[in-house]
Number of protein chains: 2
Amino acid sequence: MKLQQLRYLRAIARHQFNISKASQSLCVSQSAISKQIQLFEHELGLELFKRKGKQIIGMTTVGETILLKAEQALENVNDIQLLAEDKTHRRQSLSIATTHTQARYVLPNIVGRFVKQFPDVSLHIHQGNPIQVAAMLEHGDVDIAIATEALSDASAILAMPCYQWSRSVIVPNGHALSQLNTLSIAELIRYPIITYVQGFTGRYKIDEAFQQYDINPDIVLTAVDADVIKTYVRLGLGVGIIADMAVNPEQDKDLDVLSAKALFGVSTSHIAIKKDKYIKSYVFQFIELFAPHLRLSVVEQALLLSDSHSLSKLFSQFSIPFFQREGGEESNKV
Amino acid sequence: MKLQQLRYLRAIARHQFNISKASQSLCVSQSAISKQIQLFEHELGLELFKRKGKQIIGMTTVGETILLKAEQALENVNDIQLLAEDKTHRRQSLSIATTHTQARYVLPNIVGRFVKQFPDVSLHIHQGNPIQVAAMLEHGDVDIAIATEALSDASAILAMPCYQWSRSVIVPNGHALSQLNTLSIAELIRYPIITYVQGFTGRYKIDEAFQQYDINPDIVLTAVDADVIKTYVRLGLGVGIIADMAVNPEQDKDLDVLSAKALFGVSTSHIAIKKDKYIKSYVFQFIELFAPHLRLSVVEQALLLSDSHSLSKLFSQFSIPFFQREGGEESNKV
DNA sequence: CGAAGTTACGGATGCCGTAATGATG
DNA sequence: CATCATTACGGCATCCGTAACTTCG
């Protein structure tokens, strides 16, 4: 049995049982994988894959079990490499999986400070929807995941609250809504609404608020991207509901910004790591930079706790800070 | 990185950092190991072993961490092989680590029934002192460990109670002690005592009983082996205290056997498996054969529990049976 | 000087890639 | 006929063993 064979097995499973795709992802020929899998199956004396002629259509039950063990073994092996790279300071890299909102409005400031502090660490930001972000973390493809939506209920993932935020309603300057003393749901729904796509940036909180009053708002347009929302608000297509973080006082002078905290409540964004993966030293540094209350000692404590109950107890000791923009110029750098 | 390199690393650590010993245990040349370790260290870019000139005298701290990960990886790999062998019914083997008392007096009957039921499974009984038995199980060298003493407090080990037993005092026929109505500690210590070596076969229970009365018995001889004890009792050197299981009514007709249950209480023997190791199907069968109350479903339940509290709660549902000899002829077969 | 580890070299094995061949829809 | 898996073959890397060398107690 070779580690390569385990890697090939995993790659095939991760590419819809398509050897060609798997071979491309590993930069080897199809034949190499095909042959090694055959050798592996022969050595074990059993079939790992269900075949229909020459086509692979799935895994056998033993195959599934063996895949699980193989993934664990590869994870341990990967940990050894990460550990060595961390200790020797070679090939230092930090991979972050996150959603658009974080990448565009929250991370720039943090990332700017991080690269100044760790100039030798190469940074990789993988953007995706919340489900993809969670998957990237679970697969061990990234060191850190940052998102507002549930990152994962898997016990192998540790998600920690890093900041709270609320929403703002944005309208063109001088819009009727700007004249009101207090914004209400009743007033809001008199206009077409532009906001996030479902599943993104706490959209469900907005839906909940409307449902509570049994109101069916006229949502004319949705986007994953606050910039897109702003653009259509500027065109007068409707009023926008976006996350606080996405409001840029300097660039958005042509828009009136009304806090909608009272209407939609607050959301909490989380930063998550994979518990059983080796955690590089500067991952802890990044976390502390991002959320100062998540000091090394706190994260280490959290890593030892397994049940969600004692975890939330741990974090309830801290007041999770609200998001706040730090210096307009800084935030657009990098 | 190669699996071999991890195996070599582990072997060196398990042989007091002696490459020559490690190479012998793996049936390869010293140079093979020496070179692979060097290549591995070079690939990682750090030293795994502390050296003094050419002598290896220990591991570095990173080395320790990497060894841990390597052992986990190898365990997963080993599981894959075990699983395949189990499913394909090739190279079926069951390794049991146990102490002398179990191997000599308890196991023969069980083993006899097991080999009848699984004629294709080759059986290996590794005998050792309780500490060695626990180590063999923790290293994954054996599938099952059976002993009375604490097998391990490690959470990776699941120890289950299988039967209870008490002690008997043995004396030559017609000895003064046989004439008594009830045996007491006070009567007992009037004679020299022959019993087990410390750390074996519940010896500590005997010591406890004497200490309770603040008595210093005259223990003239200790052995790991009840047969040895019997021999010296026959020679008239003293009275013997041995485990119930070791009494053979047929062969021991020249000895009078007096129950000492009231004096020394009862002990419970345990059967243990390594939780995260792959458990072959016939391991479950063996366990049930050995302790009928430990049915497959019970063991599976126990495997899911992590804390000792809920475990003891689970087992408190069953009345752990007392040991009883089953057919004198049977027990000496095999 | 003996025990233990490292270095040197030759042989065998094994892994991969290219290219041809065989299935499948 | 296009896609995908398997088979065939040659080149290159690598892993091992024997044996000589080095270092420490």
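Heavy-atom basis, side chains included; hydrogens, waters and symmetry copies ignored. The sequence lines fix the lettering, A, B, ..., with proteins before strands; numbering per chain opens at 1.
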Does a side-chain N or O from B:Lys2 land closer than 4.0 Å to OP1 or OP2 of D:dC15, or not?
yes

Give me the ring orientation class for B:Phe286 and B:Phe114: parallel if the planes are under 30° apart, tilted from 30 to 60°, perpendicular past 60°.
perpendicular

If you count the non-hydrogen atoms of other residues, nucleotides and ligands that lie under 6.0 Å from NZ in B:Lys275, is the total more than 12?
yes

Atom-pair distance (CD1 on B:Ile37; C1' on D:dC16), nearest Å:
15 Å

For a side chain to side chain donor-acceptor pair (under 3.5 Å) with B:Lys274, tell me which candidate from B:Glu75, B:Glu138, B:His139 qualifies.
B:Glu75

Begin with the C-alpha distance, continue with both residues' side-chain angles, and end with the deciding distance and a verdict on ring pair (Phe, Tyr, Trp, His ring centres under 6.0 Å) for B:Phe200 and B:Tyr196.
CA-CA 6 Å; B:Phe200 278 77; B:Tyr196 295 108; 8.2 Å; no

How many whole angstroms separate atom CG of B:Leu26 from atom P of D:dC15?
16 Å

Length of the line joining A:Leu39:CG and C:dC16:C1', which is rounded to integer Å:
12 Å

On DNA chain C, check which nucleotide each of A:Lys52 and A:Ile33 is closest to and give me the residue with the more 5' one.
A:Ile33

For atom CD of A:Glu41 and atom P of D:dA5, their distance in whole Å:
13 Å

Just jot down the side-chain contact (heavy atoms from CB on, under 4.5 Å) partners of A:Lys69, sequence neighbours excluded, or say none.
B:Asn76, B:Asp79, B:Ile80

Rounded to the nearest angstrom, tell me the gap between atom CD in B:Gln16 and atom P in C:dA3.
17 Å

Identify the two heavy atoms, one from B:His270 and one from B:Thr148, that lie closest to each other, and give their separation to 0.1 Å.
ND1-O, 4.2 Å

Hey, is the main chain of B:Leu44 close enough, under 3.5 Å, to the side chain of A:Arg90 for a donor-acceptor pair?
yes

Taking protein heavy atoms under 4.0 Å as touching, what does nucleotides 5-13 of chain C look like 5' to 3' if B marks base contact, S marks sugar-phosphate-only contact and - marks none?
BSB-B----

Could you check whether A:Ser122 and A:Ser93, counting side-chain N and O atoms only, form a donor-acceptor pair closer than 3.5 Å?
no

Short question: side chain of B:Gln30, backbone of B:Ile19 - any donor-acceptor pair under 3.5 Å?
no

note: A:Glu47, atom CD; D:dA5, atom C1'; distance rounded to Å ~ 14 Å

Hey, can you pull the residues of residues 3-14 of chain B with a non-hydrogen atom under 4.0 angstrom from DNA chain C?
none

Taking CD from B:Gln24 and P from C:dA3, how many angstroms apart are they, rounded to a whole number?
12 Å

